[in-house]
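Some notes on the structure that comes next.
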Amino acid sequence: MTTRTVDHPPHAANPARTVDSTQEMAAFLRARRERLDPHDFGLPPRSRARRTSGLRREEVAELAGVSVDYVVRLEQGRGLRPSVNVLEALARALRLTPDERGYLFNLAQQRPRDAEQPATSAPPALAELVAALSPQPAMLMNHRYDILAWNGEMARLLLDFDTLPPSQRNVMWLCLLHPGTRELYEDREQVVREGVAHLRAAWAAHPQDRELAARIAEFTALDADFARWWAERDIKVNGRGTKVLRHPEIGVVTVRFEVLAPLQDPDQLLVIHRAADDASRLALERLRTR
């Protein structure tokens with residue numbers, strides 16, 4: 001079966017307007033306030049009859065712990081840039097869903113606090129997906145490169161991760177400090193450089209992640225190559241490419257890798273390896289049957 005790809009030409013006329021984040025945030029807050037039922041909040045009855053549906057601005061202000069004037073100015077799009085604390089309070093007051101909360105933070109150009117707390121275990125659905133990708137070697141990581149889940153094919157190709165303590169189940173730790181994995185890659189420098197560039201991008205995106213900062217400090221202290229390449233400040237997130245491995249059981253094997261970010265868990269990275277040529281495909285098949 002052949003695969004068809006279709007190129008979509010750019011729109012030549014009537015281009016869409018870019019987002020005015022201040023005005024969109026104002027409209028979004030108004031829309032979410034007006035959809036709420038006051039009875040759901042147990043608010044005391046007001047003497048003045050309601051002319052419109054939803055909560056009043058003063059009620060949102062009370063629930064969020066901010067001034068009424070502040071809510072008014074936000075809903076009028078008067079150029080305010082609310083802090084993380086205020087956004088968290090508004091999200092709770094308006095009972096935003098996780099997706100709506102993320103949208104609000106994006107409009108305000110802020111990062112929610114829980115974005116600094118990456119998963120330390122795989123969600124069951126993603127763990128099942130990793131297993132279902134067999135016979136393709138696959139694993140799940142967070143932005144620190146901690147390995148959260150893997151299938152048997154990935155363990156045979158790289159390492160039996162079950163034999164390691166959780167603190168060592170980290171792709172960069174293995175590349176730098178594990179004797180067997182250090183010698184696994186034909187072009188170790190390229191692999192490590194790409195990992196360093198990813199970690200630097202993740203470090204900037206998660207400035208409050210103390211565990212990531214501690215990992216980087218550990219790598220810098222223990223590996224001279226990492227320290228040198230970290231100081232070069234290269235930034236690159238490489239989601240697709242080829243690696244050549246010198247496997248102790250099947251010899252040289254070339255794999256193509258793809259890194260995907262699940263929409264529901266964008267902080268996590270799904271890594272899938274595929275044989276890059278017929279010889280590598282046969283080698284991986286031999287490895288699966290051992």
Side-chain angles (χ1 to χ4, degrees), residues 10-11 13-120 123 125 142-144 200-213 235 237 261-269:
H11 296 287
N14 299 323
R17 293 180 300 170
T18 58
V19 175
D20 182 329
S21 57
T22 299
Q23 294 303 318
E24 174 58 20
M25 181 164 57
F28 179 68
L29 290 173
R30 289 195 304 270
R32 290 302 171 267
R33 174 174 60 80
E34 292 168 359
R35 75 176 182 176
L36 296 173
D37 186 341
H39 296 94
D40 293 338
F41 290 80
L43 294 172
R46 305 280 182 174
S47 58
R48 180 165 51 90
R50 294 179 183 270
R51 294 192 300 270
T52 59
S53 60
L55 298 186
R56 295 190 176 109
R57 286 169 174 165
E58 57 264 33
E59 291 167 337
V60 171
E62 182 179 343
L63 290 168
V66 298
S67 71
V68 177
D69 180 64
Y70 193 86
V71 174
V72 170
R73 286 186 291 159
L74 277 176
E75 289 196 359
Q76 291 178 349
R78 288 161 58 181
L80 296 179
R81 187 169 183 263
S83 68
V84 170
N85 288 340
V86 170
L87 291 170
E88 294 282 9
L90 288 170
R92 289 192 299 270
L94 296 172
R95 298 188 176 180
L96 300 185
T97 67
D99 290 338
E100 291 168 342
R101 178 172 169 269
Y103 185 67
L104 176 62
F105 272 81
N106 284 338
L107 290 173
Q109 300 177 33
Q110 297 277 21
R111 288 183 60 81
R113 286 197 180 88
D114 56 14
E116 308 299 338
Q117 301 172 1
T120 55
N142 60 21
H143 70 253
R144 298 172 184 157
R200 181 167 279 284
W203 178 69
H206 301 82
Q208 304 303 318
D209 188 344
R210 295 186 178 183
E211 187 167 332
L212 175 59
I235 310 296
V237 179
L263 184 62
Q264 198 70 23
D265 300 279
D267 182 65
Q268 301 186 36
L269 303 172

Sequence neighbours left out, what passes side-chain contact (heavy atoms from CB on, under 4.5 Å) with Ala201? Give chain and number order. Ile235, Val237

Can you see which heavy atom on Ala108 is nearest to which on Met25, and at what distance? CB-SD, 4.1 Å

Hey, are the side chains of Leu29 and Val60 touching, using non-hydrogen atoms and a 4.5 Å cut-off? no

On a heavy-atom basis, the closest approach of Ala26 and Gly77 is CB-N, 3.6 Å

When you look at Glu88 and Phe105, which way does the side-chain contact (heavy atoms from CB on, under 4.5 Å) test go after all the steps? CA-CA 9 Å; Glu88 294 282 9; Phe105 272 81; 3.8 Å; yes

Residues in side-chain hydrogen bond (donor to acceptor under 3.5 Å, both in side chains) contact with Arg210, at least two apart in sequence or another chain: none

Does any part of the side chain of Asp40, heavy atoms only, come nearer than 4.5 Å to the side chain of Arg95, both counted from C-beta? yes

Is the shortest heavy-atom distance from the side chain of Leu74 to the side chain of Leu90 under 4.5 Å? yes

Do side-chain atoms of Arg57 reach the backbone of Arg33 as a donor and acceptor pair under 3.5 angstrom? no

Looking at every non-hydrogen atom in both residues, tell me the closest pair between Gln23 and Gln76 and how far apart they are. NE2-O, 4.2 Å

For Glu100, side-chain contact (heavy atoms from CB on, under 4.5 Å) partners two or more places apart: Phe28, Arg32, Arg35, Leu96, Thr97

Closest non-hydrogen atoms of Ala261 and Leu269, given as atom of the first, atom of the second and distance, are CB-CD2, 4.5 Å

